[in-house]
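Sequence lines set the chain letters: A, B, ... in the order given, protein chains first and strands last, and positions in each chain run from 1.
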Number of protein chains: 2
Amino acid sequence: MAKTSDEQSYLSEADGLVFLIEEVPRKLRRVFDASTAKFGLTRTQWRALAYIFRTPGLTQTELAKCLELERASVGHVIDQLEKADYVERRAVEGNRRVWTLHLRPKAIGILPALRAEADVVYERLLAGISANDIATFKRLLASMSANL
Amino acid sequence: MAKTSDEQSYLSEADGLVFLIEEVPRKLRRVFDASTAKFGLTRTQWRALAYIFRTPGLTQTELAKCLELERASVGHVIDQLEKADYVERRAVEGNRRVWTLHLRPKAIGILPALRAEADVVYERLLAGISANDIATFKRLLASMSANL
DNA sequence: ATCTTACTGTAAGATATTTTACAGTAAAGA
DNA sequence: TCTTTACTGTAAAATATCTTACAGTAAGAT
């Protein structure tokens, strides 16, 4: 029997996967938010700090791609973090267009506490999952990231 | 030799995992954005439509949790979608506090096109990954979601 | 050298989202 | 019944983010 428009559900097998792919980081962000609220940082602020920590000397444009924000928005976030003495902009020898971003001692000082918070979250996230499965999971995520 | 503060990196094995968990849905959203731009919908709008399609009769508070927005923000998004005739609010028998959300014919009409766009994205996302691996991946995601 | 094009960050106004406060409603208990 | 507490959505003001336009800079072409 031919499919009629009434029978079509427009649901795909992969839809459930995509909802899950959205759901896990969403819950993760919510848990991290609760952990970082005690530092007086917004989500965008601590995400910016995390990326600058991970890649010191990042430019604002690069950070914008990481955070999925526009350059102008990142400029504003860095204004805040610089004013709060968490971050500094450094001029670059040989390229007067760009700023590179670096953590200030005040930010480095809260890293151990952030590290401890994050570890608690990780332990919860990965509870009951084998190291082998985690490795597989990571490999598949990397494949998908490369596919996009 | 004891660990000094200079040696500590405050980096965990799991950090890379979390960055990937964030990165894949981010890229996914970007690709979908490009696909849905032709419908004149913002990301928030089409995500709202997707959740209402998935769970007709959703309340605004429930949708707010799905979209990770505040109730007030969702109210505004629904105002827009209602004005554009994509969505309707229906009063609920026996509970005058809540609205339930339903797709209008205009929204249902664009589902096949959205479906086609989504399928292209899925095919790209999952290229080169076996059905078995996808099943494993989904199971692990579900575990993590339950853990959080 | 000069021109053209692209890159990087900022400014200003437009939009989107959140925060706070609130009105109406529902549910449970005294 | 009456009170209390929690739930649901909305309004208004405060923030955050985006869009557009732009100034300064870099790199390559001619």
Side-chain angles (χ1 to χ4, degrees), chain A residues 22 26 29-30 32-34 36-37 39-52 55-84 86-102, chain B residues 22 26 29-30 32-34 36-37 39-52 55-84 86-102:
Chain A
E22 286 277 351
R26 182 173 70 226
R29 280 191 297 268
R30 205 184 52 213
F32 270 123
D33 281 349
T36 52
F39 298 105
L41 294 169
T42 67
R43 176 184 298 174
T44 298
Q45 287 169 345
W46 68 252
R47 290 219 308 145
L49 290 180
Y51 279 99
I52 297 169
T55 313
L58 209 62
T59 68
Q60 293 188 187
T61 295
E62 289 165 349
L63 182 57
K65 280 176 193 152
C66 294
L67 295 178
E68 211 176 20
L69 295 177
E70 295 305 313
R71 292 198 308 272
S73 311
V74 168
H76 180 57
V77 172
I78 298 303
D79 285 347
Q80 298 171 328
L81 290 173
E82 203 172 33
K83 188 172 296 181
Y86 280 116
V87 164
E88 70 176 283
R89 288 176 165 103
R90 288 189 199 155
V92 174
E93 183 75 24
N95 189 341
R96 281 180 295 174
R97 288 180 306 183
V98 308
W99 297 107
T100 58
L101 304 175
H102 300 266
Chain B
E22 286 278 351
R26 181 173 70 226
R29 283 192 296 268
R30 204 184 52 212
F32 272 122
D33 281 349
T36 53
F39 298 104
L41 294 169
T42 67
R43 175 184 299 175
T44 298
Q45 287 169 345
W46 68 253
R47 290 218 309 146
L49 290 179
Y51 279 99
I52 298 169
T55 313
L58 208 64
T59 67
Q60 293 187 190
T61 295
E62 289 165 348
L63 182 57
K65 281 175 192 151
C66 294
L67 295 177
E68 211 179 18
L69 294 177
E70 295 305 313
R71 290 199 308 270
S73 312
V74 168
H76 179 57
V77 171
I78 299 303
D79 285 347
Q80 298 172 328
L81 290 174
E82 204 173 33
K83 187 172 294 181
Y86 280 117
V87 163
E88 71 176 283
R89 289 175 164 104
R90 288 188 201 156
V92 174
E93 184 74 23
N95 190 340
R96 283 180 292 175
R97 287 181 306 184
V98 308
W99 297 107
T100 59
L101 303 175
H102 301 266

### Task
Measure from NZ on B/Lys83 to C1' on C/dA16 and round the result to the nearest Å.
15 Å
### Task
Using Watson-Crick or G-U wobble geometry with both distances below 3.5 Å, tell me the partner of D/dT30, or none.
C/dA1
### Summary
Taken in chain and number order and not counting sequence neighbours, the residues that satisfy salt bridge (Lys or Arg N to Asp or Glu O under 4.0 Å) with A/Glu62 are none
### Query
Nearest-Å distance, CG (B/Leu58) to C1' (D/dG9)?
14 Å
### Task
Applying side chain to side chain donor-acceptor pair (under 3.5 Å), name anything that partners B/Ser73, two or more places apart in sequence or on another chain.
none
### Task
If a pair satisfies salt bridge (Lys or Arg N to Asp or Glu O under 4.0 Å) and one of its residues is in residues 63-73 of chain B, list it, with sequence neighbours excluded.
A/Arg29-B/Glu68, A/Arg43-B/Glu68
### Query
Do the side chain of B/Arg47 and the main chain of B/Cys66 share a donor and acceptor less than 3.5 angstrom apart?
no
### Message
Looking at C/dT8, I'd like to know if its phosphate oxygens (OP1 or OP2) sit under 4.0 Å from a side-chain N or O belonging to A/Arg89.
### Response
no
#### Entry: Interatomic distance, A/Arg90 CZ vs C/dG9 C1' [rounded to whole Å]
19 Å
### Task
Take the protein atom CD of B/Gln60 and the nucleotide atom C1' of C/dG24, then report the distance between them rounded to whole Å.
15 Å
### Task
Could you check how far CG of A/Leu41 sits from C1' of D/dA16, rounded to whole Å?
16 Å
### Message
Over all strands shown, is B/Thr42 touching base, sugar-phosphate only, or nothing at heavy-atom distances under 4.0 angstrom?
### Response
nothing
### Task
Indicate, with yes or no, if the rings of B/Phe32 and B/Trp46 have centres closer together than 6.0 Å.
yes
### Task
Taking the side chain as every heavy atom from C-beta outward, state whether B/Tyr86 and B/Leu41 have any pair of such atoms under 4.5 Å apart.
yes
### Message
Base contacts versus sugar-phosphate-only contacts with protein, heavy atoms under 4.0 Å: please encode nucleotides 17-23 of chain C as B, S and - from 5' to 3'.
### Response
SBB----
### Message
Does a side-chain N or O of A/Arg43 approach OP1 or OP2 of D/dT15 to a distance below 4.0 Å, or not?
### Response
no
### Query
Mind checking what makes side chain to side chain donor-acceptor pair (under 3.5 Å) contact with B/Thr44, not counting sequence neighbours?
none
### Message
In whole Å, I'd like the distance from the CD atom of B/Glu93 to the C1' atom of C/dA26.
### Response
15 Å
### Query
Mind checking what makes side chain to side chain donor-acceptor pair (under 3.5 Å) contact with A/Asp79, not counting sequence neighbours?
A/Arg89
Set out, line by line, the N/O atom pairs under 3.5 Å between protein and nucleotides 2-7 of chain D.
residue	atom	partner	partner atom	Å
D/dC7	O2	B/Arg97	NH1	2.8

### Message
Rounding to an integer number of Å, can you tell me how far A/Glu62 CD sits from C/dT8 P?
### Response
8 Å
### Those residues that, when tested against B/Glu88, pass salt bridge (Lys or Arg N to Asp or Glu O under 4.0 Å) (two or more places apart)
B/Arg90, B/Arg104
### Task
Would you kindly give the CD-to-C1' distance between B/Gln45 and C/dA16, to the nearest whole Å?
11 Å
